[in-house]
Amino acid sequence: MFSTWVDILNLNKPLKFDELLIDFNPELYNAKSLPDDIQEKLDERWNQLLADTKPGRVLFNESKFRLHSIETKTTDENTNEFVLKLGLTDYKSFICTQQQKLSNDIRQYITEDHLSHPLGVGCLLITSDDKIVLIKRNSNCVDSPNLYDLPGGHPEPKNAKSYSKQDIIDEIRLSTIAECVDETNVDRTTLLVDSFFFILIITRNLNQHGRPAVESCLRTSMSSNELQQRYDLQTHTEAFESSELKFWPLENISDLMYHLSTQYTQWLFTVEQLKDLRAKTNAEYVQKHVSRDCLTVEEEAMVIRYYEIQLKDFCEKFRPPMTKMAIAVAMQYFKRFYLNNSVMEYHPRDIYLICIYLTGKTEELRISMEEFVANIKESANVNHTADILLSYELLLIEKLHFQLVVHTAYRPFEGLIIDLKTHYLRENVNDADQLRVTGYEFLDKTLLTDVYFLFPPSQIALTALVFASVKAKVNIDDYILKHVYGSLESAQMQQVKETIRLIANAVNTPAKFKKSEVKQIIEKLEKCYNTDNDPRTEAYKKRRLEQFQAVTDYEARNLP
């Protein structure tokens, strides 16, 4: 099902089910009751759905676990623990508060605290020939009819032996397996539960007011043809819920998402295009300020490089720890900002910090401004620093053209490691884990280069894997030949090899950078940057006051 969803955990790597923690407390985490008159209207709607009988429609109410929120804890070993805060709800409440279209006179009374938020499960079921299994939901289903979806459903509280942490986790895991079997007719004995079953992501579906789901990945030793034949028998328990299976090549998924993104359409360039953009940005500022001793394009590049290092260092020392993907996103915000804006127009000392703060929001890190400013060592006046950063937040979003989704290479690299373990290093997973460590070192180095402006994340991830295999002396040639080059023509294979070479060269040949030179350039920047855009200056404060007064006068004249 193609829906708008958000990742609410930002996992660095796949999670085992037993690595989740559970805080079950109905008194704290159940939904709030609605006003009686609103509840009566929802009950009436439910009864209408029950009365609307259609072939293949099965609708009944059952208790579900309600996801209130997820708490992230950092252990003494600097690893993260994830606590699911669960209460109870039921399917009727979900259908009535989140799935159905409601008139405004009802919807206005339903706040976040009233929503059912039943915890769902979904599964990326992968066949032996590397196809992802999708089901097309029956047209008579109340929930998402006629849409393609992953096999999935809900953990059932009635099936849990108790409400202990382990029993709830067991029910989440077992219900995921059961949904795969009941909806696709996959042979239960072919599921690689012990070797290839883990949590990929926990999401909220924004099309259904934030409906949550634990999305996992599970392999079967059945091929897509074998599974299709079993599905066609229509002997599975929930055959009535779907009308067909669809198989999607695994390698197409990440590329599909990337090629539909603004990163591909708006932020991918050639080397020459990047060079021209930066020259244009510099020239436009110089033309407006001919009387000043302005920075050259090369000097601007060194200033940006200096603050990129500052940004990366700040993120790596940040407490609570930031994920690698979040650091990559912050870096791309910073790089994107200075493609079309000169460091002389907006001083980087504030921009790099607000890039990190904005990332905390877009990557769901839940960092308050107080926590953020506490990480700035030179910040003596917390409120003043917060005001400076917040004054830039909307500017940053506007200059990024409101395009805040960034695809990084960390997730596709993790997918390659998992695939490598499955197909090639089953007997020696330590080698794969060694490649992960070395590959992450390579990916960390990419952040200080332009490779995200030049290549798709999947190609960067593949380069990291090849680089790691050479450095760690782990031979994966057979894997690369069979699973990467296997379906390519000779010319395509050469093109991939050339891309890997170009990315590796870009990463391993750092830009010119000398601290002594940068210090002089930054001193020069202090004399030529536009102080009108500096929140510390009186000119900026005066302009902001005038803008505020203009808005206030407009409201006084035009608002009732």
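Worth knowing before you read on, the calculation uses all heavy atoms, side chains too, and leaves out hydrogens, waters and symmetry mates.
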As an exercise, state the distance from CD1 of I354 to CG of L389, rounded to the nearest 0.5 Å.
5.0 Å
Partner of H117 by side-chain hydrogen bond (donor to acceptor under 3.5 Å, both in side chains), out of R211, H209, Q98
Q98
Heavy-atom nearest pair, H407 first then Q263, reads N-OE1, 2.6 Å
Aromatic contact, F196 with F198 (centres under 6.0 Å):
yes
Determine whether the side chains of Y392 and N533 contain a donor N or O and an acceptor N or O closer than 3.5 Å.
no
On the 0 to 90° scale, with breaks at 30° and 60°, tag the F467-F442 ring pair as parallel, tilted or perpendicular.
tilted
With a 3.5 Å distance limit and no angle check, can you tell me whether E299 reaches the backbone of T296 through a side-chain donor-acceptor pair?
yes
Determine the minimum heavy-atom distance between T408 and A328, stating which atoms define it.
CG2-CB, 3.7 Å
For residues K361 and E393, determine if any side-chain heavy atom of one lies less than 4.5 Å from a side-chain heavy atom of the other.
yes
Under 30°, 30 to 60°, or over 60°: which ring-plane class applies to W267 and F269, parallel, tilted or perpendicular?
perpendicular
Atom CG in L311, atom CG in L353: separation rounded to 0.5 Å?
8.0 Å
Please examine the side chains of T72 and E81, heavy atoms only from C-beta on, and report whether any two atoms are closer than 4.5 Å.
no
Pairwise side-chain contact, C355 with L396, heavy-atom cut-off 4.5 Å (strictly under):
yes
Trace of the side chain to side chain contact (heavy atoms under 4.5 Å, CB included) decision for T499 with T463:
CA-CA 8 Å; T499 298; T463 305; 5.6 Å; no
For atom CD of Q495, decide whether the heavy atoms of other residues, nucleotides or ligands shown that lie under 6.0 angstrom number more than 12.
no
Is the side chain of R66 donor-acceptor paired with the backbone N or O of G87 at a distance under 3.5 Å, no angle test?
no
State whether the side chain of N508 and the backbone N or O of A504 hold a donor-acceptor pair below 3.5 Å, judged by distance alone.
yes
For L448 and K335, which heavy atoms make the closest approach, and how far apart are they?
C-NZ, 4.0 Å
Spacing of Q273 atom CD and L454 atom CG [to the nearest 0.5 Å]
9.5 Å
Under 3.5 Å, is there a donor-acceptor pair between the side chain of T449 and the main chain of K445?
no
Does a salt bridge link K527 with D293, judged by any charged N lying under 4.0 Å from a carboxylate O?
no
Please tell me if the side chains of L295 and C528 come closer than 4.5 Å, counting only heavy atoms from C-beta onward.
yes
Has H114 got a side-chain atom pairing as donor or acceptor with T111's backbone, closer than 3.5 angstrom?
yes
Check ion pair R305-E300 (N to O, under 4.0 angstrom)
no
Quick one: are R319 and N375 in side-chain contact, heavy atoms under 4.5 Å?
yes
Any side-chain donor paired with an acceptor under 3.5 Å for N530 and Y285?
no
Kindly state whether the ring of Y307 and the ring of Y338 have centres lying under 6.0 angstrom apart.
no
Start with the C-alpha distance between L465 and I476, add both sets of side-chain angles, then the distance that settles side chain to side chain contact (heavy atoms under 4.5 Å, CB included), and finish with yes or no.
CA-CA 9 Å; L465 181 66; I476 60 170; 3.9 Å; yes
Can you find a heavy atom in the side chain of F197 that is under 4.5 Å from one in the side chain of F17?
yes
Is a side-chain N or O of E284 found less than 3.5 angstrom from the main chain of T281, in a donor-acceptor match?
no
Would you call K165-D23 a salt bridge at under 4.0 Å N-O?
no
Atom CD1 of I351 and atom NZ of K399: how far apart are they, to the nearest 0.5 Å?
10.0 Å
Residue pair A432 / K421: nearest heavy atoms and the distance that separates them
CB-CG, 3.5 Å
Under a 4.0 Å threshold between the charged nitrogen and the carboxylate oxygen, would R501 count as salt-bridged to E498?
yes
Non-hydrogen atoms of A468 and G439 that approach each other most closely:
CB-N, 3.6 Å
Under a 4.5 Å cut-off applied to non-hydrogen side-chain atoms, are S469 and L435 in contact?
yes
Sidechain N-carboxylate O distance under 4.0 Å for E523, K519
no
Side chain to side chain contact (heavy atoms under 4.5 Å, CB included) between I327 and D444, intermediate numbers included
CA-CA 9 Å; I327 298 173; D444 291 346; over 6 Å; no
Quick check for you: to the nearest 0.5 Å, what is the distance between D532 atom CG and E345 atom CD?
9.0 Å
Run the numbers on L416 and Y479 for side chain to side chain contact (heavy atoms under 4.5 Å, CB included), then give the verdict.
CA-CA 11 Å; L416 286 171; Y479 170 81; 3.9 Å; yes
Test I500 against every option in I480, L462, N505 by the side-chain contact (heavy atoms from CB on, under 4.5 Å) rule and name the one that passes.
L462
Distance-only donor-acceptor check, side chains K280 and N340, under 3.5 Å
no
Against H347, only a single residue in F337, Y529, Y352 fulfils ring pair (Phe, Tyr, Trp, His ring centres under 6.0 Å); can you say which?
Y529
Do R349 and D534 meet the salt-bridge criterion of a basic N to acidic O distance under 4.0 Å?
yes
Indicate yes or no for a side-chain donor-acceptor contact from S216 to the backbone of G122 under 3.5 Å, with no hydrogens or angles considered.
yes
Just by modelled atom types, is the A326 backbone N or O under 3.5 Å from a matching donor or acceptor in the E363 side chain?
no
Please confirm whether the ring centroid of Y440 lies under 6.0 Å from the ring centroid of F413.
yes
If you compare all heavy atoms of M344 against all heavy atoms of C294, which two are closest, and at what distance to 0.1 Å?
SD-CB, 3.7 Å
Given the side-chain rings of Y333 and Y357, with only the six-membered ring counted for Trp, is the space between their centroids under 6.0 Å?
no
Does N25 reach the main-chain N or O of L28 with its side chain, forming a donor-acceptor pair under 3.5 Å?
yes
Would you call R536 and D350 a salt bridge, using N to O less than 4.0 angstrom?
yes
With a 4.5 Å limit on heavy-atom distance, are the side chains of K85 and L67 in contact?
no
Rounded to the nearest 0.5 Å, how far does CG of D113 lie from CD1 of I110?
12.5 Å
